[in-house]
Protein chains: 2
Amino acid sequence: MAQQGSNSQTERTERGAAWLSKGGLRPTRQRVVLAALLVGDGKNRHVTAESLYALAMERGEKVALATVYNTLRAFCGAGLMREITVDGTKSYFDTRTDDHPHFFWEDAMRLTDAPAEELEIARLPEAPEGAEVASVDVVIRLRKV
Amino acid sequence: MAQQGSNSQTERTERGAAWLSKGGLRPTRQRVVLAALLVGDGKNRHVTAESLYALAMERGEKVALATVYNTLRAFCGAGLMREITVDGTKSYFDTRTDDHPHFFWEDAMRLTDAPAEELEIARLPEAPEGAEVASVDVVIRLRKV
DNA sequence: TTAAGTGCAAATTATTTGCAGTAAG
DNA sequence: CTTACTGCAAATAATTTGCACTTAA
């Protein structure tokens with residue numbers, strides 16, 4: 001019963017390990033665990049250091065919070081994740097690494113992807129002399145109606 | 001020579017005081033000082049608590065850093081300013097309160113307005129069921145070329 | 001006079017770092 | 001082996017708060 005088709009523990013772990021090697025990162029135990037939690041099911045995920053740490057604890061995994069912080073930084077450095085800035089008080093990390101818009105649910109402080117195909121920027125201010133556009137962050141802030 | 005046409009100290013102070021009363025805020029000495037620094041010349045300004053505090057110190061004004069923090073919050077609460085989130089480690093405040101795009105200079109960690117008329121969003125993802133769009137933040141991150 | 005605002009120092013929160021021990025190549 | 005990684009506790013950085021004192025209305 002540990003095996004359940006496309007979502008078995010081993011499969012999640014394998015996916016995590018593959019993802020790690022894509023970033024050229026040494027697959028240590030805690031990295032594999034975190035990677036499996038992040039991309040084990042093949043879906044995109046938005047986490048904070050705390051939320052990922054909580055998730056790991058919930059699964060009974062043994063990782064230090066500081067390691068979660070360092071690991072998320074390592075994942076970003078390797079280009080496997082991106083840091084999204086939506087709220088001054090916390091850092092959010094996204095497993096999806098291309099430029100795409102986000103919804104930010106202000107009351108729940110939750111971040112989700114917005115459908116990229118529904119965003120159409122017809123014209124963008126051009127970068128001033130001596131600078132180039134690194135990325136364009138679009139955050140659609142939502143409030144409960 | 002203290003008076004120089006449209007930029008005299010008294011005029012800056014008056015503008016600051018007028019701006020305060022627009023927000024229904026009691027014009028205490030430190031609020032008037034900070035308001036004059038922010039909008040005294042009629043231009044828009046982007047500050048952090050630290051940068052505004054430094055500016056006040058430079059001018060020989062007497063304010064506590066904590067008061068700068070509290071005052072910026074009060075200005076935002078009164079709708080006189082807006083907080084812009086561009087960098088996890090600092091809060092930026094803008095005297096311009098309408099939805100408009102920003103340039104963020106990653107190396108200098110500086111925030112400036114981007115020309116709003118050069119941004120054209122032809123289509124925007126609509127708010128999911130049960131939510132409405134509170135604001136749309138567009139940050140164009142720049143790197144030196 | 002009195003509720004709101006202020007100063008300062010102490011508290012909080014999110015995150016990073018130093019260093020001794022552990023594990024991957 | 002040996003260099004990178006990890007854990008933990010202590011350090012930092014930005015911001016907030018508690019409380020006695022001021023001040024605008």
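Because the structure is a prediction, the values reported are computed rather than measured. All chains are named by letter (A, B, ...) in the order of the sequence lines, taking the proteins before the strands, and each is independently numbered beginning at 1.
When the nucleotides C/dA14, C/dC8, D/dT15 are ranked by their closest atom to the side chain of B/Ala66, C/dC8 comes out on top. The side chain of A/Pro27 lies closest to C/dA24, out of C/dT16, C/dA24, D/dG7. Considering only side-chain atoms of B/Tyr69, the nucleotide from D/dT15, C/dC8, D/dT6 that sits closest is D/dT15. The side chain of A/Lys90 lies closest to C/dA14, out of C/dC8, C/dA14, D/dA4. You'll find that the side chain of B/Ser91 is closest to D/dT15, out of D/dT15, C/dT6, D/dT17.
The NZ atom of A/Lys62 sits 12 Å away from the C1' atom of C/dG21 (whole-angstrom rounding).
Of the side-chain N and O atoms in A/Arg31, one or more sit less than 4.0 angstrom from OP1 or OP2 of D/dC5. Phosphate proximity of C/dG7 to B/Thr67: present, with a side-chain N or O under 4.0 Å from OP1 or OP2. Contact annotation: A/Gln30 side-chain N/O to C/dT22 OP1/OP2 distance is not under 4.0 Å. Taking 4.0 angstrom as the limit, B/Arg29 places none of its side-chain polar atoms (N or O) nearer than this to OP1 or OP2 of D/dA24. The side chain of B/Thr28 contributes an N or O atom lying less than 4.0 Å from OP1 or OP2 of C/dT6.
Shown are A/Asp113, A/Val138, A/Leu119; of these, the side-chain contact (heavy atoms from CB on, under 4.5 Å) with B/Pro125 is made only by A/Leu119. Each of A/Arg141, A/Arg143, A/Lys144 was compared with B/Glu132 under the side chain to side chain donor-acceptor pair (under 3.5 Å) criterion, and only A/Arg143 meets it.
Among all heavy-atom pairs drawn from B/Thr71 and B/Thr67, the shortest one is OG1-O, 2.5 Å. Shortest non-hydrogen contact noted between B/Asp98 and B/Arg82 is C-NH1, 3.8 Å.
When each of B/Arg73 and B/Leu25 is assigned the nucleotide of DNA chain D with its nearest heavy atom, B/Arg73 is the one assigned upstream, toward the 5' end.
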